[in-house]
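The structure appears right after this line, and notes come after that.
Keep in mind that the numbers below use all heavy atoms, side chains included, and drop hydrogens, waters and symmetry copies. Source: prediction; values computed, not measured. To find a chain, count down the sequence lines: A is the first, B the second, and so on, and within it residues start at 1.
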Number of protein chains: 2
Amino acid sequence: MSELDSIDLKMLRILQREGRIATTDLADQVGLSATPCARRLKRLEDDGYIRGYRAVLDPKRVGCGLQAFINIRLGDHAEKTVAAFQSALLRRQDVVAVYAITGSSDFLIHVMAADLDALSEFTTRTLLRMPGIRDTQSSIVLSVLKAETAVPLA
Amino acid sequence: MSELDSIDLKMLRILQREGRIATTDLADQVGLSATPCARRLKRLEDDGYIRGYRAVLDPKRVGCGLQAFINIRLGDHAEKTVAAFQSALLRRQDVVAVYAITGSSDFLIHVMAADLDALSEFTTRTLLRMPGIRDTQSSIVLSVLKAETAVPLA
DNA sequence: AGTGAAAAAGGTTCCGA
DNA sequence: TCGGAACCTTTTTCACT
């Protein structure tokens, strides 16, 4: 479970931008031949540095024109309530992220929907009917100036 | 700019999970031979449905143990101030996302840092010294229950 | 850990349906 | 638009440094 050397970091930086790059090209870019590059890549995957690879879609292009962040405060923090609330959220495809946070609310969720109608339907029909919710506060995304999946690597 | 048929959608769904899948395997999974599958994939890329491919790293594993969301309210909405503020944020690697939002604040940003020290340094040394900022409100992420890059595809 | 060559697997192009 | 064959590239394996 050794450390990452500068070549590993270089590889990770490149792979965060070009997830489908051929290992031969990756090898060129980090100054290695194909064999050790493939070995390192496998190690980075096996040791859990790389979780997986994803195609990044253009949300608007595929019919998801609206995004929102919703702060949620629970009224009841009983373990059972919290667990039920969480698993209900996690099951939904349109809830793309769920964070437990500090501050004035308990959870921050990131929702994607086709349009305002779909979003308000989610909020009123689904979210507000979940047990244990005290209040919610929605922030609709007007524009996405940046949305990296990339983790900063010093 | 034609529509996406059910095979295209299937391909996109698979690619959101397995961004590095071989096109022959993708072809098998959608019931096509390699040639038309590769052609469709190229079209999805060229027409902007697929923005790119990314390796997804484990943040903790690569030294980014702390995430936070920060709501930012500007005091001065002059175009120049807003533009300067935005470009300063966009330049920073540790600011992984920037959204302009509705509601009580103007921007929501997603920050990744090694630890609390690094985060508080960012807030006090960088963020609060930016011109035009009226106030900020940080929510530190206690746990990530879900963080999909995937866009929901009906 | 890295290299280079050979075998296997995957990707691309062209043509016919 | 699809499928198949030929051709080319990439990946993997292996012997060696």
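Put simply, CZ on A:Arg20 is 18 Å from P on D:dT9, counting in whole angstrom units. In this structure, CG of A:Asp5 is placed 13 Å from C1' of C:dG2, rounded to the nearest angstrom. A straight line from CD of B:Glu45 to C1' of C:dT12 spans 14 Å, rounded to a whole angstrom. The CG-P distance, from A:Asp25 to C:dG11, rounds to 14 Å in whole Å. Following rounding to the nearest Å, B:Lys42 (NZ) and C:dT13 (C1') show an atom-to-atom distance of 13 Å. When the C1' atom of C:dT3 is taken as reference, atom CD1 of A:Ile7 falls 14 Å away, rounded to whole Å. As a whole-Å value, the separation of A:Arg39 CZ from D:dC14 C1' is 11 Å. B:Leu26 has its CG atom 20 Å from the P atom of C:dA9, to the nearest Å.
Closest approach to the B:Arg40 side chain among D:dC2, C:dT12, D:dT11 is made by D:dC2 (side chain taken as heavy atoms from C-beta onward). Each of D:dC2, D:dT12, C:dT3 was ranked by its minimum atom distance to the side chain of B:Leu32; first place goes to D:dC2. Distance from the side chain of A:Ala34 is smallest to D:dT12 among C:dT12, D:dT10, D:dT12.
Between the side chains of B:Tyr53 and A:Gln16, no donor N or O sits under 3.5 Å from an acceptor N or O.
Between B:Phe85 and B:Phe107, the ring-plane angle classifies as tilted under the 30° and 60° cut-offs.
Salt-bridge annotation for B:Arg73 and B:Asp106: absent, with no side-chain N of the basic residue lying under 4.0 Å from a carboxylate O of the acidic one. Between A:Asp5 and A:Arg40 there is a salt bridge, since a side-chain N of the basic residue sits under 4.0 Å from a carboxylate O of the acidic one.
Base engagement by A:Thr24 is indicated by at least one non-hydrogen atom pair under 4.0 Å involving a base atom.
Taking each heavy atom of B:Arg43 and B:Leu4 in turn, the nearest pair found is NH2-CD2, 4.2 Å.
Under 3.5 Å, the side chain of B:Ser33 and the base of D:dG4 form no donor-acceptor pair of N or O atoms. For D:dT13, its base sits under 3.5 Å from the side chain of A:Thr35 at one donor and acceptor pair at least.
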